[in-house]
Amino acid sequence: MILSEKHQMMRNLFRQFAETEFTSELLDELEETGEFNRAMHDKMAQYGFHGVKIPVEYGGQGGDSLAYVLMIEEFARVSPVLSIYANTSNSLGSGPLLFCGTEEQKQKYLVPVAKGEKILVFALTEPGAGSDAGGTLTTAVEDGDYFVLNGRKTFISGAPFADYAVIYARTDPSQKGSKGISMFLVDMKLPGVSCGKPEHKMGIIGYPTSDIILEDVRVHKSDLLGPLHKGFATAMKTLDGGRLGMAAQALGIAQGCLDESIRYAKERKQFGKPIAKFQAISFMIADMATEIEAARQLIYSTAVRKDAGDPESSKLCAMCKLFAAEMGNRVAYKAVQIHGGYGYIKEYKVERFYRDARITSIYEGTSQVQQMVISGNLLK
Amino acid sequence: MKCIVCVKQVPDTSGKVAVKPDGTMDRSKMAAITNPDDLNAVEAALTLKDHQSDVKVVVVSMGPPPAARMLRELLAMGCDEAVLISGREFGGSDTFATSQILAAAIQHMGLERDDVIFCGRQAIDGDTAQVGPQIAEKLGIPQVTYAAEIQKTGDTLTVRRMLEDGYMTIQVQTPCLITCIKELNTPRYQTVRGILECDQKPYQVYDYETLKDEPLIEPDTIGLKGSPTNVYKSFSPPVKGAGQMLEGSGRETVDQLFGILAEKHII
């Protein structure tokens, strides 16, 4: 796919920003402290990156899905964790609000999120409800003008520093599975809301993830998001867009791995010549580049088809996530292999890429869930 | 007030310089970028606009039609209007002829009492630093070069110049021309919204027809014919070997340095 001039300009902008601002000092600091870097969040806010895909009338930049995937790809190419900084607000955070928020909710929550003034996270997963999100046990019971929420959400990226969370809770216990679930906009400062200890993760270090615990949290009815008992459909719709973003993240990681591998293979000498001269290495590089390009074309075209309202976009987004995440892992494996022992050392970029790549086939739907979505669409 | 910013699209010389057999630079083989110092000039104008709502920033460039892309990028950065000066008659201009044409274009758009012209100090392809000062001379306005700090109060600009051996702070009245250096500021990035909306901003092309009646435009003051200088040859300077850094300040480091110098028979 040939990018339009505007999308080329955007890609250049994202690339320039990432290459200039995501310094190795910053990346090392994130890795060492594991903490959220507010200054980088604010810098991204200054350029509207948190609202790239959010309409201008809600404080965003008015870009399309292709602009969003280009941003995630270019950011992840330099720093997979920093690509997440600009991701949530454009996908899982804003998605439910854009799909079914009232005008008042959009003004109250979406506008500050798009501008990066507030952070909104998406809380669907529970200790016993991962791939089977229909197993949600968190409850919301009506009490006058409020709903009272109780339960525990787990592996919530960004929870420790979030201002708001979209919480999925069962409002109708008589309904089973994905039915009877509703969405709520929950202020993280409300009494009864607390966070667990940040998890020690393999990768994506520098964007803390924790549980959200809800104990008799009173949420006003005006913060019920979308129709009562029908939150699950919105969750699935939101995840489509999120999957596209995560596919772009895997693509960016793979491209970063390829860049590093090419550089290293030209520099590293063994048996009297650069290892790039050996077919075993050069063919690995050829395979990596080919798979990356295949993923890129699939992701870019899906972004355009999704915005055009293609009825197959849900399946296509799952295909993007499945293919790109598995591809990203294969490419990261080869990148470490090309680097040999050095690839196993933390000073080398591919060591971090390898760990960061691993999550892409797990979060926002495992590869197996994507296979369920794809096959479910084909075998209806 | 208007801030007119003169910008140039240049080949990216941070990589290898491609040279044609005749010794001139092969621009088609090199990536085109906005001249780095000119981005500091754009940022200076946009900073004034940030602080003063009635400021209009107009970017002007002389070059072939592909320079339009650069101008759109500058509109996406926040500039309000763009003018591309392009025509066969202008081709082959050296700094003398270029400044003649740019000055004519500025006269054509009208230089008012409170306007400021910003230029980069110099372009990375020619490194002459002549165009900005020549524009000021031809327009008969004051100029301040090597600006490292600019403050505006009313129609007075206080500019801190950075010179080789120190600083010089001077005040100047508008209209005036300032040449900017990289120490002045950090240019901002474009925004996605800026990219999406840059086509809606005023964009004009000045060709020979547009400017031919300006007093500065004569057949022998523009283009190759109006250029007293010609490039004889351009080449990539020989690549310097990578240096070796020794860290530390103790005796051990000095000993190490002596060891290296002795090994190379320098001492």
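Chain letters run A, B, ... following the sequence lines, proteins first and then strands; every chain starts at 1. Only a predicted model underlies this, so the values are computations on that prediction, with no experimental measurement involved.
- Proximity of V192(B) to F14(A): side-chain heavy atoms (C-beta onward) are separated by under 4.5 Å at one or more points.
- Residues G60(A) and R193(B) approach most closely at O-CD, 4.4 Å, considering heavy atoms.
- In plain terms, the two heavy atoms of K6(A) and I195(B) that are nearest each other are NZ-O, 3.0 Å.
- In K201(B), the NZ atom is crowded: over 12 heavy atoms of neighbouring residues, nucleotides or ligands sit closer than 6.0 Å.
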Walk me through it: do Y47(A) and Q190(B) pass the test side-chain contact (heavy atoms from CB on, under 4.5 Å)?
CA-CA 8 Å; Y47(A) 293 101; Q190(B) 302 156 41; over 6 Å; no
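- The environment of R88(B) atom CZ is sparse: at most 12 non-hydrogen atoms of other residues, nucleotides or ligands sit within 6.0 angstrom.
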Please lay out, stage by stage, how T191(B) and Q61(A) fare under the test side-chain contact (heavy atoms from CB on, under 4.5 Å).
CA-CA 8 Å; T191(B) 62; Q61(A) 298 283 304; 3.5 Å; yes
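- With a 6.0 Å radius and a threshold of 12 heavy atoms from other residues, nucleotides or ligands, K182(B) has its NZ atom at or below the threshold.
- Atom CD of Q151(B) sits in a sparse spot, with 12 or fewer heavy atoms from other residues, nucleotides or ligands closer than 6.0 Å.
- Judged purely by distance below 3.5 Å, without hydrogens or angles, the side chains of Y189(B) and E21(A) pair a donor atom with an acceptor atom.
- For chain A, the option among R72(B), E73(B), R69(B) with the highest count of heavy-atom pairs below 4.5 Å is R69(B).
- Counting non-hydrogen atoms of other residues, nucleotides and ligands closer than 6.0 Å to CD of E103(A) gives a total above 12.
- No more than 12 heavy-atom neighbours from other residues, nucleotides or ligands sit within 6.0 angstrom of NZ on K349(A).
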